[in-house]
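Labels below follow one simple rule: chain letters A, B, ... track the order of the sequence lines, proteins then strands, and each chain is numbered from 1.
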Number of protein chains: 2
Amino acid sequence: MTHPFQELIDHLPANARSELSLAKGEFLFRQQQPAAAIFAIISGRIRLFRDLPDGSSVTLHVARSGETFAEAALFAENYHCHAQAELETKVMRLNSRPLLEAIALHKDLGLHLSQILAAQVRDMRAMLCLRDIRSADERLLAWLRMKARGEQMNVAIDRPWAGISEELGLTKEAVYRSLTRLQREGLIERADRQGRERSEVIRLMRRP
Amino acid sequence: MTHPFQELIDHLPANARSELSLAKGEFLFRQQQPAAAIFAIISGRIRLFRDLPDGSSVTLHVARSGETFAEAALFAENYHCHAQAELETKVMRLNSRPLLEAIALHKDLGLHLSQILAAQVRDMRAMLCLRDIRSADERLLAWLRMKARGEQMNVAIDRPWAGISEELGLTKEAVYRSLTRLQREGLIERADRQGRERSEVIRLMRRP
DNA sequence: CGATAATTTGATCAATATCAAATATCGTGG
DNA sequence: CCACGATATTTGATATTGATCAAATTATCG
């Protein structure tokens, strides 16, 4: 798995990064603790949440395999939330200090970091936009359109629909049913279903 | 209105920025057109959407007053979507060239840009997280908790609930009803309702 | 004071969540 | 290669909730 940060990582001294393993329930860092690194998930899942003065807490993010998190910690004195492993989890740790030094030295890196973050902003805005679509069919269709590549408007589905459903903010049942409806209405075609590559391709049909 | 980009803007030569007025329906830029600037909305609303090979289109974002957009255009050859004013709209335009030059010169600016973007990423992740909460009451409560400041857990509401409802992905009716339910259950208190400052304060009650 | 926008309450409906269960597929070890 | 368990996909029945449409009330601003 190659992270968006890969190029940054490659320009860092070896001692700037390390790999950590966390048991389920273990904390990667705690709210208030001095911020010293940002992270990328290799495998597993980390929940970020904040304790509030009234004793309650709010979840701010659940980071999954391949994702980075705590980027804002680069610019903060302390972490503003807890990071707890929800599963046995492996993360890559990038120390702020050498990262900032590398950026100061090599100004392309700073821009590159901005580029990575700008892409994330763009993608997340699109996901938020999707969430504004109330109808399951329309939301799924919009998601497929965003993912579609090429003149053919094909979308390769490379992971279980259950995960995609979560991303869409729908239950898996709702998504499966939408898929059948969209297919029945001729808006999509499903192919390669049986392939041993455990992958499926959705083709969007020309029909604005 | 002070943008997050303000500090960046202050470090730019005057000719790097300009203010544009768009009529309702007018395009700020078009998909495929060479990318030459990023923008911040002064007033009005801009919809970003992409045309797809099959003739359909998807909305990627609706940027509102105070927001910036097209940041990724800094790093792209061409715009990857259209930007169209949904209302009469004023935007601040920041030309990519001088912006990139200023960053190359003054490396703090690059970091500062990263910082702005990292904050946006953090905030948007939190908003996405909110959307995963299905119950209107819970979602609103979580939003209030995120916004709450200080030991007192007060939230200043400085704009109509209709706008907040949209941000939450709920209708205004749903939000008003949630507010009364939460109040009835003693989870929140509403104060300063009548104030001529047209603002209201929600106080979260200690009750984890 | 009148006009406009914001807040509130009500009734109804449609859609998705939920719970349950059947079928299909995949991966693995024998 | 096959059997078996785990995971993924699919379909069904039902309930809940928020969307929608409507309308009343209240606040805000000239």
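- Between Arg139(A) atom CZ and dA15(C) atom P there is a gap of 14 Å when expressed in whole angstrom units.
- Rounded to an integer number of Å, the gap from CD of Glu173(A) to C1' of dC19(C) is 9 Å.
- Backbone-only engagement by Gly169(A) is indicated by non-hydrogen atom pairs under 4.0 Å involving sugar-phosphate atoms exclusively.
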May I have the step-by-step check of ring pair (Phe, Tyr, Trp, His ring centres under 6.0 Å) for Phe29(A) and His82(A), ending in yes or no?
CA-CA 6 Å; Phe29(A) 56 76; His82(A) 300 291; 8.6 Å; no

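- Between Leu168(A) atom CG and dT16(C) atom P the separation is 12 Å, expressed in whole Å.
- Side-chain nitrogen and oxygen atoms of Tyr176(A) include at least one within less than 4.0 Å of the OP1 or OP2 phosphate oxygen of dT9(D).
- Between Thr171(B) and dA19(D) there is a side-chain polar atom (N or O) within less than 4.0 angstrom of OP1 or OP2.
- Rounding to whole angstrom units, CH2 of residue Trp161(A) and C1' of dT11(D) are separated by 17 Å.
- For Arg177(A) against dT18(C), a side-chain-to-base donor-acceptor contact under 3.5 Å is present.
- Of the N and O atoms on the side chains of Ser57(B) and Arg50(B), not one donor lies less than 3.5 Å from an acceptor on the other residue.
- If you measure from atom CD of Glu138(B) to atom C1' of dT16(D), you get 15 Å, rounded to the nearest angstrom.
- Under the salt bridge (charged side-chain N to carboxylate O under 4.0 Å, His left out) test applied with Arg45(A), the options Glu86(A), Glu88(A), Glu67(A), Glu166(A) reduce to a single match, Glu86(A).
- We find that CD1 of Ile202(B) is positioned 13 Å from C1' of dT7(C), with the value rounded to whole Å.
- Between Arg30(B) and Tyr79(B), the shortest heavy-atom distance links the atoms O-CB, 3.7 Å.
- Of the two residues contacting DNA chain D, namely Lys172(B) and Ser178(B), the nearest-nucleotide position lying further toward the 5' end is that of Ser178(B).
- Separating the CG atom of Leu182(B) from the C1' atom of dT8(C) is a distance of 16 Å, rounded to the nearest angstrom.
- Shown here for Phe27(B) and Leu22(B), the closest heavy-atom pair between the two residues is O-CD2, 4.3 Å.
- Both Pro160(B) and Thr180(B) lie close to DNA chain C; mapped to their nearest nucleotides by heavy-atom distance, the more 5′-ward contact belongs to Pro160(B).
- At dT8(C), one or more side-chain N or O atoms of Arg190(B) fall inside 4.0 Å of OP1 or OP2 (strictly under the cut-off).
- The separation between Ile164(A) atom CD1 and dT10(D) atom P is 12 Å, rounded to whole Å.
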